[in-house]
S.K.: 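Quick one: this structure, given as structure tokens, is what I'll be asking you about.
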Amino acid sequence: MTNIEAAPAPDFDTVVIGAGFAGLYSIYKLRSLGFTFRVFERGDDVGGTWYWNRYPGARCDSESVEYSFSFSEEVQQEWTWSERYSGQPEILRYINHVADRFDLRREIQFNTTVTSAKYDEAKNCWEVRTDKGDEVTARFLITATGCLSVPQIPDYRGLSDFKGQKYHTGNWPKEGVDLKGKRVAVMGTGSTGIQAITAIAKEAGHLVVLQRTPNFSLPAQNALLKPEEIREVKATYAAIRKRARMSASGNVYLGDSMGKTSALDASPEEREREFERRWQIGGARLVVAYKDIGTDETANGTAAEFVRKKIRQIVKDPKVAESLCPTTYPIGAKRICLDSGYFETFNRDNVTLVDLKKTPIMEFTPTGFLTTEGEFQLDCVVFATGFDAITGPLLAMGIMGAGGRKLSEKWQAGPRTYLGLITAGFPNLFMITGPGSPGVLSTVTCSIEQHVEWIADCLTYMRDRGYTTIDTDLQTEDAWVNHVNDLADATLHVKANSWYLGANVPGKPRVFMPYIGGVGAYRKECEEIVADSYRGFNFASQGKSKTASAGTS
Ligand SMILES: Cc1cc2nc3c(=O)[nH]c(=O)nc-3n(C[C@H](O)[C@H](O)[C@H](O)COP(=O)(O)OP(=O)(O)OC[C@H]3O[C@@H](n4cnc5c(N)ncnc54)[C@H](O)[C@@H]3O)c2cc1C
């Protein structure tokens with residue numbers, strides 16, 4: 001038995017990694033509760049996703065009034081979003097505003113990457129090391145490292161020989177990139193690619209779009225917010241947030257749009273009218289027009305065909321239109337994209353689509369790339385090729401739990417957690433929006449707030465009772481993982497090669513990572529577990545363990 005009491009106190013109660021939405025709210029919460037902490041952030045300022053993703057066209061695809069913090073009524077009253085879907089500069093300004101207003105930068109050490117985090121059993125603390133030579137200890141470790149913060153660039157032969165400019169959208173230079181008149185290629189046509197392509201086409205001399213898989217994209221119908229819309233939201237903000245917290249995807253706009261009937265009960269004409277109505281309103285409403293679009297392939301097919309018909313109507317060249325039509329997976333099974341004129345972009349004279357399924361890249365050359373059909377000369381290539389999502393940032397940190405076990409070993413066949421918050425054998429490690437929680441399937445700010453609040457309450461609970469260790473057991477964890485898998489298996493989400501499944505990273509285990517049961521259902525589950533004396537969590541103090549479910553409250 002180790003003697004934790006005899007061990008020196010750690011430097012901090014908590015180390016937090018990351019200073020995006022999740023890290024900033026953690027600072028606010030931990031400080032208000034009197035915990036000591038240090039925050040490490042790789043970037044040189046706050047913002048996370050919105051610090052790194054400065055590519056042309058970058059904007060949110062959740063409605064701005066909901067894609068923001070709800071914890072401060074003052075902030076939500078004083079901040080006014082200009083657009084329905086705000087651009088990256090405005091979102092970054094908002095995050096900076098929050099950081100300034102609550103003086104959140106004080107404890108953040110910027111330009112610092114956490115390179116290892118090791119749980120020391122004898123001292124019951126985490127030893128955290130950084131690339132700047134820091135070595136600090138903390139009782140708890142909170143990862144606020146985001147789900148989309150490790151950019152992925154595919155490994156093409158000759159890429160290192162390419163002499164032009166190379167960028168990944170998730171690591172875009174702060175000073176911007178002048179693409180005016182240049183020969184540019186953008187690889188990737190997911191949410192980011194679609195935004196970047198639409199914007200870059202207007203600037204570049206010639207744009208080559210390198211499409212690996214066509215995606216379903218719906219018009220955002222983005223617009224400036226009218227003063228009366230803003231007034232109405234602000235007058236009812238608290239109520240909107242309350243409903244969002246119990247909704248399916250952490251926002252009211254989509255929650256209120258959920259169809260309650262089957263697509264198959266509607267006549268083709270009725271369906272057409274309903275899909276058209278939702279297409280015109282914009283956003284992701286079309287994919288929730290009927291209750292079974294996400295679960296029934298025939299119902300799903302009606303929505304998918306509607307979008308394909310739209311693509312064929314918009315894109316003038318029938319061959320290009322066919323290449324842009326997704327046909328191999330259900331609509332909504334991959335993250336639905338929202339655009340502002342994406343398909344119209346292919347009617348421009350300066351845009352060429354290269355369908356990599358038909359004409360794969362053989363290699364990059366010093367001046368461009370070579371496909372099975374010929375050579376393309378380029379000044380610049382932009383990779384909008386996504387991220388090692390959800391687990392990537394966690395596995396990149398060299399996390400080692402009890403007994404020196406590596407997280408990468410434990411998760412070799414896919415991530416395993418309880419509630420996406422904790423993983424057995426890694427005591428006192430909390431993950432914000434970890435695998436097994438709704439995270440990326442929700443308006444992420446809503447999920448972040450819930451996790452931060454849950455963790456803060458748990459730390460307070462432990463402090464009040466003198467507990468110094470929290471963990472879970474494999475049985476509890478297995479039951480949660482099975483539950484998450486069962487929920488996903490009942491949907492069409494598992495039918496697409498998406499990043500939710502890790503399919504975009506060669507060699508990554510194919511496991512559906514997020515919890516798909518809905519933000520409200522998940523929150524309820526978390527609350528019930530707490531009410532049931534933190535069912536499934538094991539607490540210990542001074543080397544003595546207590547199973548929470550055995551009644552420790
Ligand atoms: C282009 C784009 C658009 C998006 N749009 C939406 C949207 O409309 N709606 C929505 O809900 N979500 C959206 N998302 C998801 C978005 O990531 C989340 O909404 C949210 O910003 C995540 O916040 P976070 O604080 O959890 O993580 P992040 O914002 O990713 O912040 C994590 C931080 O951790 C830092 N970090 C990571 N590893 C280390 C380390 N080892 N050491 C030190 N620092 C580290 C990173 O530098 C980063 O700053 C989008 C994502 C992208 C990429």
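Bear in mind that the values here come from a model prediction, so they are computed numbers and not experimental data. In this chain, numbering begins with 1 at the start of the sequence shown. Just so it is clear, the values below take in all heavy atoms, side chains as well, and ignore hydrogens, waters and symmetry mates. Counting convention: from 1, in listed order, for ligands and their atoms alike.
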S.K.: Show which atoms of ligand 1 fall inside a sub-4.0 Å distance from at least one heavy-atom site of Ala144.
M.R.: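 Answer, ordered by atom number: 32 (C), 33 (C), 34 (O).
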S.K.: Under 3.5 Å, is there a donor-acceptor pair between the Asn222 and Ser340 side chains?
M.R.: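 No, Ser340 and Asn222 have no side-chain donor paired with an acceptor closer than 3.5 Å.
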S.K.: Just to verify, what does Arg105 make a salt bridge (charged side-chain N to carboxylate O under 4.0 Å, His left out) with, not counting sequence neighbours?
M.R.: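 With sequence neighbours excluded, Arg105 shows a salt bridge (charged side-chain N to carboxylate O under 4.0 Å, His left out) to Asp45, Asp100, given in chain and number order.
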S.K.: Thr115 side chain to Arg129 main-chain N or O, any donor-acceptor pair under 3.5 Å?
M.R.: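 Here the side-chain-to-backbone pair exists.
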S.K.: Quick test of your reading of the structure: of Phe40, Trp172, Trp50, whose heavy atom lies closest to atom 3 (C) of ligand 1?
M.R.: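 It is Trp50 whose heavy atom sits nearest to atom 3 (C) of ligand 1.
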S.K.: Can Lys410 and Glu477 be said to form a salt bridge (Lys or Arg N to Asp or Glu O under 4.0 Å), step by step?
M.R.: CA-CA 12 Å; Lys410 181 180 171 184; Glu477 186 172 276; 2.8 Å; yes
S.K.: Out of Tyr55, Tyr85, Tyr25, whose heavy atom is nearest to atom 1 (C) of ligand 1?
M.R.: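 Comparing heavy atoms across Tyr55, Tyr85, Tyr25, the nearest one to atom 1 (C) of ligand 1 lies in Tyr55.
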S.K.: Using heavy-atom distances, let me know which of Thr49, Asp44, Asp131 sits nearest atom 50 (C) of ligand 1.
M.R.: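 The residue whose heavy atom sits nearest atom 50 (C) of ligand 1 is Thr49.
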S.K.: Where is the nearest protein heavy atom to atom 27 (O) of ligand 1: which residue, which atom, and how far?
M.R.: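 Here the nearest protein heavy atom works out to Gly146 CA, 3.1 Å.
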S.K.: Mind checking whether Tyr119 and Phe426 have ring centres under 6.0 Å apart?
M.R.: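 So the answer is no for these two rings.
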S.K.: For a quick check under 3.5 Å, do Asp44 and Tyr51 share a side-chain donor-acceptor pair by atom type?
M.R.: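 Result is yes, a qualifying pair exists.
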S.K.: Do me a favour and list the nearest non-hydrogen protein atom to atom 25 (O) of ligand 1 with residue, atom name and distance?
M.R.: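 The protein heavy atom lying closest is Ala22 N, 2.9 Å.
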S.K.: Between Thr145 and Arg42, is any side-chain donor less than 3.5 angstrom from a side-chain acceptor?
M.R.: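 No - no donor-acceptor pair under 3.5 Å links their side chains.
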S.K.: Side chain or backbone, does Arg42 bring an N or O within less than 3.5 Å of an N or O on ligand 1?
M.R.: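 So ligand 1 has an N or O lying under 3.5 Å from an N or O of Arg42.
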S.K.: Looking at Gly48, which atoms of ligand 1 are within less than 4.0 Å of one of its heavy atoms?
M.R.: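 This gives 28 (P), 29 (O), 31 (O), 48 (C), 49 (O) as the contact atoms.
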S.K.: Can you report which non-hydrogen protein atom sits closest to atom 33 (C) of ligand 1, along with the distance?
M.R.: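 Answer, as residue, atom name and distance: Glu41 OE1, 3.5 Å.
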S.K.: Carefully, step by step, assess Arg101 and Glu74 under the rule salt bridge (Lys or Arg N to Asp or Glu O under 4.0 Å).
M.R.: CA-CA 10 Å; Arg101 197 182 195 290; Glu74 293 78 23; 5.2 Å; no
S.K.: Is there a heavy atom in Ser442 that sits closer than 4.0 Å to ligand 1?
M.R.: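 Within the 4.0 Å threshold, so yes.
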S.K.: Compute whether any side-chain donor of one residue and acceptor of the other, for Tyr55 and Thr192, lie under 3.5 angstrom apart.
M.R.: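 There is such a pair (donor and acceptor under 3.5 Å, judged by atom type) between the side chains of Tyr55 and Thr192.
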S.K.: Would you confirm whether Glu66, through its side chain, and Thr443, through its main-chain N or O, come within 3.5 Å as a donor-acceptor pair?
M.R.: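 Here the side-chain-to-backbone pair does not exist.
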S.K.: Under 4.0 Å from a heavy atom of Asp61: give me the atoms of ligand 1 that qualify, with their elements.
M.R.: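 Near Asp61, the atoms of ligand 1 are 6 (C), 7 (C), 8 (O), 9 (N).
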S.K.: Which of the numbered atoms in ligand 1 are below 4.0 angstrom from a heavy atom of Gly18?
M.R.: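 Counting from 1, the qualifying ligand atoms are 33 (C), 34 (O), 35 (C).
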S.K.: At what distance is the nearest protein heavy atom to atom 42 (N) of ligand 1, and which residue and atom is it?
M.R.: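 Checked against all protein heavy atoms, atom 42 (N) of ligand 1 sits closest to Val114 N, 2.8 Å.
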S.K.: In the protein, which heavy atom is nearest to atom 9 (N) of ligand 1, and how far is it?
M.R.: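 Answer for atom 9 (N) of ligand 1: Ser62 OG, 2.7 Å.
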S.K.: Out of Phe110, Tyr67, Phe21, indicate the one that has the non-hydrogen atom closest to atom 18 (C) of ligand 1.
M.R.: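 Heavy atom nearest to atom 18 (C) of ligand 1 belongs to Tyr67.
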S.K.: Which is closest to atom 23 (O) of ligand 1 by heavy-atom distance: Ile448, Val444, Val39?
M.R.: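 Nearest heavy atom to atom 23 (O) of ligand 1 lies in Ile448.
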S.K.: With ring centroids as reference points, do Phe216 and Tyr329 lie under 6.0 angstrom apart?
M.R.: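 When the ring centroids of Phe216 and Tyr329 are compared, they turn out to be within the sub-6.0 Å range.
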S.K.: In terms of atom number and element, which parts of ligand 1 are under 4.0 angstrom from non-hydrogen atoms of Met397?
M.R.: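 Close to Met397: 41 (N).
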S.K.: Show which atoms of ligand 1 fall inside a sub-4.0 Å distance from at least one heavy-atom site of Thr192.
M.R.: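 The list of qualifying atoms is 1 (C).
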S.K.: Give me the nearest non-hydrogen protein atom to atom 15 (C) of ligand 1 as residue plus atom name, then the distance to 0.1 Å.
M.R.: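 Looking only at protein heavy atoms, the one closest to atom 15 (C) of ligand 1 is Leu148 CD1, 4.0 Å.
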S.K.: Pairs in or reaching into residues 48-64: which pass salt bridge (charged side-chain N to carboxylate O under 4.0 Å, His left out), with residues at least two apart or in two chains?
M.R.: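 Applying salt bridge (charged side-chain N to carboxylate O under 4.0 Å, His left out) to every pair that reaches into residues 48-64, excluding sequence neighbours, yields Arg59-Glu83, Asp61-Arg335, Glu63-Arg84, Glu63-Arg285.
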S.K.: So which heavy atom in the protein is nearest atom 38 (N) of ligand 1, and how far is it from that ligand atom?
M.R.: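 For this ligand atom, the closest protein heavy atom is Thr145 CG2, 3.4 Å.
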S.K.: Please check if the side chain of Trp126 supplies one atom and the backbone of Pro427 the other of a donor-acceptor pair under 3.5 Å.
M.R.: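 Judged by distance alone, yes, a pair lies under 3.5 Å.
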S.K.: Heavy atom under 4.0 Å from ligand 1: found in Thr112's side chain, backbone, both, or neither?
M.R.: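 The answer is the backbone.
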